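The model shown is predicted, which means the values in this text are computed figures rather than measured ones.
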Amino acid sequence: MVLHEAILKCFMDKQKPMTIQEVDIYISRQYKQKWKDVGTTLADMVPISYGGNTTSTVPDEYRKLKRLTRGTYTLIE
């Protein structure tokens, strides 16, 4: 599993807005893998149409998050 998939699964399981710390705690408890930078990955998962990063290399199928406030994200409805 890649980090993008783990993050999306986290949001699908929780069904609520989450902070970077909450996502990091969730995935560290669910998976043995260690990922470096959850915060940057979350920001890169916001589509350009929702104000996301134009230089993100995250594939479009994983860009399904919306930034609510600095460091807080939710799934796009």
Side-chain angles (χ1 to χ4, degrees):
M1 177 171 284
V2 295
L3 181 55
H4 312 106
E5 293 169 331
I7 288 171
L8 287 178
K9 182 163 180 2
C10 170
F11 279 98
M12 287 187 269
D13 287 352
K14 294 294 186 174
Q15 291 292 309
K16 67 175 189 168
M18 298 182 73
T19 65
I20 295 168
Q21 287 180 321
E22 290 171 321
V23 173
D24 193 31
I25 289 167
Y26 174 90
I27 63 174
S28 67
R29 288 181 179 163
Q30 296 293 317
Y31 305 101
K32 302 279 185 212
Q33 288 175 253
K34 294 288 182 193
W35 286 289
K36 287 194 299 186
D37 197 355
V38 173
T40 299
T41 304
L42 283 164
D44 284 345
M45 291 175 69
V46 177
I48 294 169
S49 60
Y50 282 83
N53 187 345
T54 58
T55 60
S56 172
T57 59
V58 173
D60 287 341
E61 68 259 23
Y62 297 117
R63 295 185 80 166
K64 299 185 181 291
L65 300 180
K66 176 171 59 172
R67 183 181 299 110
L68 299 176
T69 61
R70 183 181 173 114
T72 304
Y73 296 85
T74 192
L75 277 174
I76 296 171
E77 305 270 334

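In this structure, CE on Met1 lies 4.0 Å from OH on Tyr31, to the nearest 0.5 angstrom. Lys9 contributes atom NZ, which lies 10.5 Å from atom NZ of Lys14 (distance to the nearest 0.5 angstrom). To the nearest 0.5 angstrom, Glu61 atom CD is 10.0 Å from Met45 atom CE. Here the CD-CG distance, from Gln21 to Asp24, works out to 8.0 Å after rounding to the nearest 0.5 Å. Taking CD1 of Ile20 as the start and OH of Tyr73 as the end, the distance is 5.0 Å to the nearest 0.5 Å. In this structure, the separation between NZ on Lys64 and CG on Leu75 is 9.0 Å, given to the nearest 0.5 Å.
Under the 4.5 Å side-chain contact rule for hydrophobic residues, Leu8 and Ile48 do not share a cluster. One hydrophobic cluster, built from ILVMFWY side chains closer than 4.5 Å, cannot hold both Leu68 and Val38; they sit in different ones.
Pairing each heavy atom of Glu22 with each of Lys16, the nearest pair is OE2-NZ, 4.3 Å. Of all the heavy atoms in Gly52 and Arg63, the pair that sits closest is C-NH2, 4.1 Å. Taking each heavy atom of Asp44 and Ser56 in turn, the nearest pair found is O-OG, 3.0 Å. Closest heavy-atom contact between Thr55 and Asn53: OG1-OD1, 2.6 Å. When all heavy atoms of Ala43 and Arg67 are compared, the closest pair comes out as CB-NH2, 3.7 Å.
For Ser28, the side-chain contact (heavy atoms from CB on, under 4.5 Å) criterion is met by no residue, not counting sequence neighbours. With sequence neighbours excluded, the residues that form a side-chain contact (heavy atoms from CB on, under 4.5 Å) with Ile25 are Arg29.
Using a 4.5 Å heavy-atom cutoff, the side chains of Leu65 and Ile76 are not in contact. The closest side-chain heavy-atom distance from Ile27 to Leu3 is below 4.5 Å. Between Met18 and Phe11 there is a side-chain heavy-atom pair separated by less than 4.5 Å.
Other residues, nucleotides and ligands place more than 12 heavy atoms under 6.0 Å from the CD atom of Gln30.
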